[in-house]
Student: 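Quick one: the structure is below, questions incoming.
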Amino acid sequence: MPPDRLGISRFIPTSRLSLLRQVADLSAGFGSPAYLVGGFVRDALLGKPINDFDLVIEGDATKLGRALVQKHGGRVTVHAPFKTATWFPSHRPERSEARSKGEDDFIDLISARSETYEHPAALPTVKLGSLADDLRRRDFTINAMAVRLDGDHFGELADPLGGRIDLERGLVRVLHLNSFVDDPTRLFRAVRYAARYDFQLESSTEALIPAALKYVDKLSPERLRHELDLIFEEEDSVPMLEKLWTLGIIQQVHPALPSDEATRARVRGVVLVLTAVENPVHFRWAVWLMGLMPKEIRALSKRLHFSAELLRAASAASSVFAELKSIAKLRPSGCVRRLNGLPEDALWAVSVCAEGEARSNLEMYLKKWKSMKPYATGETLFEMGVPFGPRVGEILWRLRAAWLDGEVTSEEGERKLMEKLIE
Ligand code: ATP
């Protein structure tokens with residue numbers, strides 16, 4: 001067994017490790033070393049849990065993909081323009097199926113490449129390149145390291161840009177002066193990594209930010225929203241938003257995106273109701289945007305291409321937030337009538353930002369009232385002689401409202417009310 005200089009094997013599940021070794025050993029035979037790169041190396045050196053195993057081949061990954069099938073079987077899919085391939089070692093599910101089943105028996109093979117940018121915020125022009133080129137195209141030194149995987153080289157660190165020392169010092173540093181202009185998404189990424197690891201933006205990197213701000217405007221809706229979504233997927237997104245505000249980055253995204261003190265205080269004060277919330281990203285967007293007018297939400301949705309679901313969540317949060325005073329006065333049945341069908345992550349967001357009666361009404365709706373139903377169904381009413389039609393719905397709603405408002409507290413009581421309503 002070759003030496004594992006950095007002890008990386010303990011970060012790789014055994015089944016994945018043996019696949020990676022098969023790939024790397026065959027690849028090295030062609031004179032094309034294979035490396036794990038980017039987040040894997042960063043997090044392994046930090047001793048943090050790892051989700052990503054990004055593999056880069058110094059050579060043509062599509063050729064390697066075909067050779068893997070010849071030697072070890074399985075099948076390969078190839079994306080010729082970018083010289084990437086995916087190897088499925090056994091003839092098992094398609095990639096998306098495998099992912100949805102949580103299986104990991106495929107390996108993405110990426111050819112090392114160099115990238116150049118025609119103009120600020122453009123998508124890069126890509127060419128095959130060396131490992132050094134591939135590391136140079138990356139965002140920060142801490143993300144620009146690689147470990148080699150073949151034979152006796154297993155675990156060798158390639159760190160031509162000083163990533164390891166920046167990791168030790170806790171610094172996020174770009175690789176060149178034009179980095180943020182080439183790709184302004186890196187402004188968001190820099191802040192995200194710094195806050196995630198409690199690192200600093202290295203001082204000359206931070207000094208590049210003011211001049212790059214104007215290029216945020218050039219980013220496509222998808223790229224911008226993706227970066228903001230990534231922030232909302234983090235365990236603690238609040239310090240990231242704070243820093244984006246302080247540096248003036250958020251303010252470049254869209255004038256309607258709120259950065260006033262009241263909004264900032266609300267965002268700071270909210271604790272994610274993890275057990276109840278289904279989609280934390282929508283919950284956090286809702287907390288941020290609930291103070292906006294519908295018109296502003298629509299403008300933001302256009303700039304950031306919100307999904308239909310996110311637009312619904314943000315709109316519901318804003319309309320309910322604007323009505324908190326009247327929601328505080330509603331009886332339970334009134335709450336159900338008003339809130340029925342609205343996205344629950346948005347309602348949770350408003351409830352944790354509300355106070356007094358409004359908060360308790362929202363919470364009661366989410367925890368209890370929304371699922372309170374009478375015993376009777378349409379069938380019961382039909383058996384009692386009520387023909388199918390709108391009256392059925394009206395009577396069932398009256399019964400439900402009576403339960404909600406405490407006018408009925410037993411099956412017997414419900415029956416009596418039902419008979420009265422049918423008369
Ligand atoms: P995490 O997923 O934990 O945030 P990661 O490093 O895995 O971190 P990815 O977004 O999956 O992040 O990107 C993988 C690697 O690709 C990064 O480590 C970095 O080297 C490179 N990379 C990603 N985005 C950019 C970018 N905008 N500019 C340059 N390099 C990038």
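Counting starts at 1 for both ligands and their atoms, in listed order. Basis for what follows: all heavy atoms, side chains included, without hydrogens, waters or symmetry-related copies.
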Student: With sequence neighbours excluded, tell me which residues meet side-chain hydrogen bond (donor to acceptor under 3.5 Å, both in side chains) with E168.
Tutor: none
Student: Using salt bridge (charged side-chain N to carboxylate O under 4.0 Å, His left out), reason through R223 and D183 one step at a time and then give a plain yes or no.
Tutor: CA-CA 10 Å; R223 293 181 74 199; D183 180 355; 3.0 Å; yes
Student: Flag yes if more than 12 heavy atoms outside H226 fall under 6.0 Å of its NE2 atom; otherwise flag no.
Tutor: no
Student: Which of the atoms of ligand 1 are close to R137, meaning less than 4.0 Å from one of its heavy atoms?
Tutor: 29 (C), 30 (N)
Student: Looking at ligand 1, does Y193 have a heavy atom less than 4.0 Å from it?
Tutor: yes
Student: Could you list which atoms of ligand 1 come closer than 4.0 Å to a heavy atom of T185?
Tutor: 27 (N)
Student: Between A144 and ligand 1, does any nitrogen or oxygen pair lie at a separation below 3.5 Å?
Tutor: no
Student: Judging by distance only, is a nitrogen or oxygen of D52 under 3.5 angstrom from one on ligand 1?
Tutor: yes
Student: If you measure every N/O of E234 against every N/O of ligand 1, is any gap under 3.5 Å?
Tutor: no
Student: Any Lys/Arg nitrogen of R264 or E242 sitting under 4.0 Å from an Asp/Glu carboxylate oxygen of the other?
Tutor: yes
Student: Is there a donor-acceptor pair under 3.5 Å between the side chain of D345 and the backbone N or O of N279?
Tutor: yes
Student: Any idea which of D182, D139, I142, V41 brings a heavy atom closest to atom 19 (C) of ligand 1?
Tutor: D139
Student: Among protein heavy atoms, which lies nearest atom 28 (N) of ligand 1, and at what distance?
Tutor: R186 NE, 2.9 Å
Student: Applying a 4.0 Å heavy-atom criterion (strictly less than), which segment of D183 is in contact with ligand 1: side chain, backbone, both, or neither?
Tutor: side chain
Student: Show the atoms of ligand 1 that are less than 4.0 angstrom away from any heavy atom in G38.
Tutor: 18 (O)
Student: Any idea which protein heavy atom is nearest atom 6 (O) of ligand 1, and the distance to it?
Tutor: R42 NH1, 2.9 Å
Student: Is any side-chain N of the basic residue among D134 and R137 closer than 4.0 Å to the acidic one's carboxylate O?
Tutor: yes
Student: Do any pairs count as a ring pair (Phe, Tyr, Trp, His ring centres under 6.0 Å) and have a residue in residues 295-327, sequence neighbours left out, and if so which ones?
Tutor: W285-F306
Student: Could you find the nearest protein heavy atom to atom 16 (O) of ligand 1 and give me its residue, atom name and distance?
Tutor: R138 NH1, 3.4 Å
Student: Taking non-hydrogen atoms only, is D54 closer than 4.0 angstrom to ligand 1 via side chain, backbone, both or neither?
Tutor: side chain
Student: For atom 13 (O) of ligand 1, state which one of R196, H226, R189 supplies the nearest heavy atom.
Tutor: R189
Student: Between F40 and F11, how do the two ring planes meet: parallel, tilted or perpendicular, split at 30° and 60°?
Tutor: perpendicular
Student: Sort out for me which residue in V78, V76, T84 forms a side chain to side chain contact (heavy atoms under 4.5 Å, CB included) with T62.
Tutor: V78
Student: Charged N to carboxylate O below 4.0 Å: is that the case for D159 and R164?
Tutor: no
Student: Of the side chain and backbone of R223, name the one, both, or neither that has a heavy atom under 4.0 Å from an atom of ligand 1.
Tutor: neither
